[in-house]
Amino acid sequence: MILILAKKKKTMQTIRGFRDILPENIALWQKVEKEATRLFDAFGFKEIRIPVLEKTQLFSRSIGEATDIVEKEMYTFADRKGDKLTLRPEATASIVRSYIQHKMYATDPIRKFFMMGPMFRRERPQKGRYRQFYQIDAEVFGVESAYIDSQLIFILTELFKRLGLTGLSAHVNSLGCPDCRPSFQRALLDFIASKKDRLCDNCLRRIDKNPLRILDCKVTSCKDVLQDAPATLDHLCNHCEDHFATVKTTLETQGVDFIVDKSLVRGLDYYTRTAWEIQTTTLGAQSAVAGGGRYDGLVKELGGPQTPGIGFAIGFDRLVEVMEQLDKAPQATALDLFLICLGDMATEKGYHWSCALNQNGIRTEMDFRGKSMKALMKRANKLNAHYVLIAGEDELIQNAIILRDMNTKEQVSLPVETLVPELIKIFKK
Ligand code: AMP
C-alpha cells in the first residue's frame with residue numbers, strides 16, 4: 001500500500017505590521033470618512049490626492065535627517081534606474097511639494113487641503129502601531145494668524161465630538177521660531193553639558209545635528225535626565241508669545257479643553273510655534289490619536305516662496321480603535337430583500353428583477369445555486385434580510401408572487417407585470 005502524504009501548503013500571510021481591514025470592520029472607517037469630509041467641506045478644505053511614492057530627498061529634507069522617521073523608519077529603495085524612492089511616511093511633505101510644484105501660491109496662496117490614506121513607517125508593531133497605517137490629514141497654507149491654529153484644534157475636537165469620543169485631551173505647546181530657537185538651543189546645550197554620560201548614543205549623535213530632537217527620545221534613562229530640561233515655552237520671542245497667547249485665549253473662548261504641555265516637541269523637524277497632540281486614555285502606550293503643528297519655514301525650505309503653513313494628522317487606525325472600545329460602531333446595514341426563485345423560469349425573471357431593484361438603490365440579493373426553499377430561507381436569515389420574495393412555478397402560474405416581511409411574517413401577493421415598480425414603492429416609502 002502506498003501512502004501519499006500530502007504536504008500541507010503554508011498559506012500566504014500579510015507582512016509584519018501590515019493588515020487587512022475586513023468588510024465586517026469597515027463601517028466605522030466609513031462613518032469617520034463621511035463625518036470628516038462633511039466637516040472639512042464646511043470649513044472650506046478641498047480634497048487632494050498625493051502619490052504614495054516620492055523621492056527620498058523630499059522626506060529627509062522636510063522631516064529632518066536626525067529624526068526617528070528618517071533615520072530608522074522609512075521604506076526606502078532604489079528603483080530600476082537607481083533613483084532613491086520612499087513610501088510616504090506622512091502627508092505634509094508631499095502636500096507642500098504639490099503646492100510648490102503646481103505654483104498654487106501664484107493664483108491663490110491661501111489654500112486648505114485634506115487627504116486620507118495610508119502611510120508607511122517601519123516601527124515595531126504593536127496595538128495601535130502598524131507599519132502601514134492610515135491618516136486623515138489637513139493642511140492650511142498662507143495664513144500666519146493664530147486663529148488658524150485655534151481653528152485646526154477646534155476642528156479636531158469638533159470631529160471627535162461628532163464621533164462620540166470621550167476621554168481625550170488636547171496638549172498644546174509652542175516650539176518658537178528661528179528667532180527664539182538659538183536662545184533655547186543654548187540653554188538646552190548648557191543643561192545637558194554635564195549629563196552627557198547618561199544619554200544614549202542616539203542622543204549624543206543628535207546633539208550636533210539637532211539638539212531639539214533629544215527631547216523626543218523614548219529611552220527611559222534619557223527621559224529621566226531630560227525631565228527638568230529647559231522648555232521652548234520659556235524662551236519664546238515676543239511675537240511667538242503673542243501668537244501662543246491668542247491661540248490659548250481663542251480656545252478658551254470656544255470652550256475647547258486643553259493642557260499646556262511644555263514637554264511636547266513632536267518628532268518632526270519642520271515645526272515652528274504651535275504644536276499639539278490629542279491624547280486618549282483608552283489606548284495604553286499609543287496614546288496620541290492626532291498631532292499637528294505650524295511649519296512656517298517648510299514651503300521656503302522646499303523651494304517655494306516664504307509661505308506660512310500649518311496642519312494636523314489624525315491616526316485613523318487609532319481613532320477607530322478608540323471608537324470600537326467606546327462601542328461606537330454603527331449597525332451593519334441589513335439586506336432589504338432576498339429573492340427566492342425556484343426553477344429556471346423564476347430564476348431568469350428573478351435575475352432581471354434583482355438588477356432593476358439594485359439599480360434603484362434597494363439592497364437585493366439572490367442565490368443562483370439552485371438550492372431548495374429551505375436552504376434559501378436559511379440564507380435569507382443569515383443575510384439578515386428584511387423581506388423575502390418567493391417565486392416558484394406555482395406563483396408564476398397564478399401570477400401572485402409572495403412578499404414576506406421576515407420580522408412580522410406578514411405576506412402580500414404581487415402580480416408579475418408590476419412587481420418591480422410595486423417593490424420600489426414599498427421600499428422607497
Ligand atoms: P505624526 O505624523 O507622527 O505626527 O502622527 C500623527 C498621528 O498618526 C499620531 O498621533 C498617531 O495617531 C498616528 N500614527 C503615527 N504613527 C503610527 C503608526 N505607526 N501606526 C498607527 N498610527 C500611527
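When a ligand or atom number is given, it counts from 1 through the structure's own listing order. As a basis for the values below, the full set of heavy atoms in this structure was taken, side chains included, without hydrogen atoms, waters or symmetry mates. All of these numbers come straight from a predicted model, not from anything done at the bench.
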Which option, [options], owns the non-hydrogen atom nearest [atom]?
atom                    : options               : answer
atom 3 (O) of ligand 1  : E90, E123, R121, Q126 : R121
atom 12 (O) of ligand 1 : P125, A91, A288       : A288
atom 21 (C) of ligand 1 : A275, G128, G292      : G128

message: Test ring pair (Phe, Tyr, Trp, His ring centres under 6.0 Å) on Y134 and F316; report intermediate values, then the result.
response: CA-CA 5 Å; Y134 294 78; F316 205 155; 7.0 Å; no
message: Give me the nearest non-hydrogen protein atom to atom 14 (N) of ligand 1 as residue plus atom name, then the distance to 0.1 Å.
response: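 Scanning the protein heavy atoms, the shortest distance from atom 14 (N) of ligand 1 goes to F133 CE1, 3.6 Å.
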query: atom 20 (N) of ligand 1: which protein heavy atom is closest, and how many Å away?
result: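 I find the closest protein heavy atom is Y130 N, 3.0 Å.
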field: Close side-chain approach of N202 to K72, heavy-atom, < 4.5 Å
entry: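 When only atoms from C-beta onward are counted, K72 and N202 do touch, with a gap below 4.5 Å.
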field: Any N or O of Y271 closer than 3.5 Å to N or O of ligand 1
entry: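 Not met; the criterion fails.
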- request: Would you check whether R266 has a nitrogen or oxygen atom less than 3.5 angstrom from a nitrogen or oxygen atom of ligand 1?
  value: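 Yes, R266 has an N/O under 3.5 Å of an N/O on ligand 1.
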task: Can you spot which of R49, E47, M104 makes a side-chain contact (heavy atoms from CB on, under 4.5 Å) with F113?
output: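 Exactly one pass, corresponding to M104.
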query: Counting heavy atoms only, which part of D317 comes closer than 4.0 Å to ligand 1: side chain, backbone, both or neither?
result: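 Within the 4.0 Å criterion, D317 makes no contact with ligand 1.
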Contact partition for Q135 relative to ligand 1, non-hydrogen atoms under 4.0 Å: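 Answer for Q135: side chain.
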message: Checking the side chain of Y99 only, and the main-chain atoms of P109 only, is there a donor and an acceptor separated by less than 3.5 Å?
response: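 Present.
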message: Do the side chains of D68 and R121 get close enough for a salt bridge, i.e. N-O under 4.0 angstrom?
response: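 No, D68 and R121 are not salt-bridged.
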- prompt: Is it true that atom OH of Y351 has more than 12 heavy atoms of other residues, nucleotides or ligands lying nearer than 6.0 Å?
  reply: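 Incorrect, the count does not exceed 12.
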- prompt: Which ligand 1 atoms, with their elements, are less than 4.0 angstrom from a heavy-atom of A313?
  reply: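 Atoms satisfying the 4.0 Å criterion: 6 (C), 7 (C).
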message: Quick test of your reading: applying salt bridge (charged side-chain N to carboxylate O under 4.0 Å, His left out), list the pairs with at least one residue in residues 151-174, sequence neighbours left out, ordered by first then second residue.
response: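 Pairs touching residues 151-174 that pass the test: E35-R162, E158-K161, E158-R162.
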